[in-house]
Amino acid sequence: MSAGFFRLGRFRVDLLAVLPFLLLILMWRTLPSLTGMPEYMFPTIGAVWDKAVELTANGQLQDNILDSLGRLFLAFLIGNALAVPIGIAIALNRSASDFLRPVLTFLQSIAGVAWVPLAVIWFGIGMGSVVFVIANTIFFSTLYNTVAGVESIPKVLHRAVRSHGGRGWALYSELILPGAFVNILLGLRIAMARGWHALVGAEMIAGSNGLGYMTMEAVQWYQSSTIVLGILCIGCLWLAMDQLIFRPLERRTVVRWGMVRQ
Amino acid sequence: MKTAAINDRNSGIASLRSLVSPRAWKGVLGLLGILALWQTSIPLIGVSEYFYPSPAAVARAAIHLVKTGILPAYIGDSLGRYLAGVSIGVTLGILFGLLIGFSAGASRMLSPIINFFFAIVEVAWIPLFVLWWGYGLKVILVALSYIVFFPVLYNTILGVRSVPQVLINAAYSLGATRLQLIQEVILPAALPSIFTGLRLGAGFAFRGLIFSEMIAAKSGVGYLIFEGASNQQTDRTIVGMIVMGLLWLFIERIYIRPLEALTVDRWGLATRAEDRE
């Protein structure tokens with residue numbers, strides 16, 4: 001089975017896996033002449049690299065990345081800070097849940113980028129409307145997972161805690177928060193992924209800076225190398241966040257406690 | 001025949017009961033309560049219609065949009081784009097999923113490049129698509145199929161790989177050809193998993209539809225939401241948002257649930273969330 005592999009430092013590289021990438025590059029280079037699409041629409045690796053160097057040297061790339069991440073972080077805090085307590089309250093209160101569920105289901109189905117135009121009217125182009133849209137997306141994602149988490153706690157445990165005299169704060173700290181924690185934690189990662197989508201989308205429509213804005217703005221100036229650079233940054237940043245923050249967080253907590261399989 | 005009729009009657013009674021159950025009524029009350037709250041907050045907040053339109057204004061805008069035929073046409077456009085994009089994505093997802101799940105060589109070759117593309121969210125591609133093809137249908141269709149492709153693909157692979165080897169051996173020893181094996185064993189066994197992927201992808205794709213219509217279309221529900229706001233007709237934007245929510249509920253009920261019922265439920269392979277309550 002070791003045929004087709006070669007070593008590159010510590011890594012074993014699968015030649016078969018490299019093949020599609022080479023094919024992709026070849027296609028990228030030959031498409032303009034084959035389809036008659038203009039050359040500038042398919043920037044070379046060198047051009048994208050030059051653009052990356054240029055935008056890093058004048059600080060634009062870092063600024064845009066930091067703006068985007070800052071917004072995501074702020075909206076993540078706002079959305080979750082609202083969603084977790086409201087989610088717990090809804091899950092614990094039968095009649096609140098009966099009244100609110102259809103409303104929330106409906107709002108959840110329109111959460112996200114559909115709010116961008118209205119957000120622009122309310123908050124203007126830029127920071128405010130983008131944060132509103134991401135926080136809205138994250139709120140509904142986490143709300144759903146919090147309600148599911150609290151409802152997954154077996155009724156027996158509720159009765160057990162109560163019969164041992166647990167009420168008030170003890171009920172929350174000993175039963176509800178730890179019981180719902182796994183779902184909430186797993187939900188945070190999904191919320192972050194949805195928030196990232198919403199961030200890029202909202203910045204494209206309503207941003208005045210940030211990665212999404214940078215990528216969409218480049219279309220007007222036919223700056224294909226900036227567009228490809230933007231695409232790569234958006235992909236790499238998400239991978240980095242997922243691998244460096246959420247995977248280790250899950251390994252340290254949920255997986256270690258044996259609550260989900262790896 | 002007889003049992004079917006009895007089942008029909010029972011389910012009829014059950015749905016009638018759920019219609020008048022206190023829970024359903026409370027839900028309706030909740031919706032009406034929000035509407036009442038919205039209407040009474042108008043004079044209290046006291047900002048312009050443009051900034052915060054009333055439910056009455058939204059209802060008027062909706063009636064106007066229906067009378068002029070704009071809204072039905074937009075809904076038709078959106079639905080058509082959605083179904084076309086999702087169908088392309090599902091077909092490609094299942095094909096590649098079968099290929100990768102079935103063949104170790106294909107998996108070695110294709111998995112890395114597919115993971116590479118999966119890491120790049122579809123939203124990020126839209127500027128490049130617009131540069132390549134201009135604003136229009138092509139951008140929307142490619143974006144939608146891109147969104148649906150990955151969840152269907154990954155779940156198809158999962159489904160194919162979880163078919164017990166014994167079943168595959170059994171089919172082969174009974175003289176099945178490769179095509180028969182896929183038709184008779186692999187596909188039915190992988191179907192619940194494929195549907196999980198389809199459900200996920202269908203939800204993501206609906207958001208993607210609205211977003212790409214905002215950017216790249218001159219009709220459709222996403223365009224209505226976007227255009228209303230830029231023409232200072234905020235009531236139209238809200239009509240668009242409400243229609244978007246209703247359209248999604250409609251798609252879920254009309255397309256996704258029955259498909260599930262037709263395939264998965266028939267073989268008793270999956271339970272819906274409501275059934276477990």
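Of the atoms belonging to M244(B), heavy atoms from both backbone and side chain fall under 4.5 Å from chain A. Neither the backbone nor the side chain of L247(B) has a heavy atom closer than 4.5 Å to any heavy atom of chain A. I205(A) touches chain B through its side chain: at least one heavy atom from C-beta onward sits under 4.5 Å away, while N, CA, C and O do not. Both the backbone and the side chain of I121(A) come within contact range of chain B, each with at least one heavy atom under 4.5 Å from a heavy atom of that chain. For W122(A), the parts lying under 4.5 angstrom from a heavy atom of chain B are both the backbone and the side chain. For a residue to count as touching a neighbouring chain, one of its non-hydrogen atoms must lie under 4.5 Å from one of that chain's; by this rule V103(A) touches chain B with backbone and side chain alike. Within the 4.5 angstrom heavy-atom criterion, atoms from both the backbone and the side chain of L131(B) approach chain A. Heavy atoms of M216(A) lying under 4.5 Å from chain B belong to its backbone as well as its side chain. No part of L237(A) comes within reach of chain B, as not one of its non-hydrogen atoms sits under 4.5 angstrom from that chain. Proximity to chain A is limited to the side chain of I215(B), based on heavy atoms less than 4.5 angstrom apart. Contacts between W196(A) and chain B at a heavy-atom distance below 4.5 Å involve the side chain alone, from C-beta outward.
In this model, a donor atom of one side chain and an acceptor atom of the other lie less than 3.5 Å apart for D77(B) and S219(B).
Residues I225(B) and T237(B) share a closest heavy-atom pair of O-OG1, 3.0 Å. Looking at every heavy atom in both residues, V113(A) comes nearest to A198(A) through CG1-O, 4.3 Å. Annotation for W38(B) and P55(B): closest pair CD2-CG, 3.5 Å, computed over non-hydrogen atoms. Here the closest non-hydrogen pair linking R81(B) and L141(B) is O-CD2, 3.6 Å. Of all non-hydrogen atoms in C233(A) and L61(A), the two that sit nearest each other are SG-CD1, 4.1 Å. For the pair Y255(B) and L79(B), the tightest heavy-atom approach, listed with the atom from each and the gap, is OH-CD2, 4.5 Å.
Ranked by non-hydrogen atom pairs under 4.5 Å with chain A, the options I242(B), V47(B), V221(B), I126(B) are led by I242(B). By number of non-hydrogen pairs under 4.5 angstrom with chain A, the leading residue of F117(B), F51(B), F226(B) is F51(B). The candidate from G235(A), S95(A), A17(A), G212(A) with the greatest count of non-hydrogen atom pairs under 4.5 Å with chain B is A17(A). Contact tally against chain A (heavy-atom pairs below 4.5 Å) for L128(B), I210(B), L110(B): the top residue is L128(B). Here H197(A) is the residue among M37(A), Q108(A), H197(A) with the most heavy-atom pairs under 4.5 Å with chain B. Contact tally against chain A (heavy-atom pairs below 4.5 Å) for V121(B), I120(B), L29(B), I113(B): the top residue is I113(B).
With respect to R207(B) and E213(B), no salt bridge is recorded, no charged nitrogen being found less than 4.0 Å from a carboxylate O. We find that E252(B) and R199(B) are joined by a salt bridge, their nearest charged nitrogen and carboxylate oxygen being less than 4.0 Å apart. A salt bridge is absent between D235(B) and R60(B); no separation between the charged side-chain nitrogens and carboxylate oxygens falls under 4.0 Å.
Taking the six-membered ring for Trp, F116(B) and F21(A) have ring centres closer than 6.0 Å.
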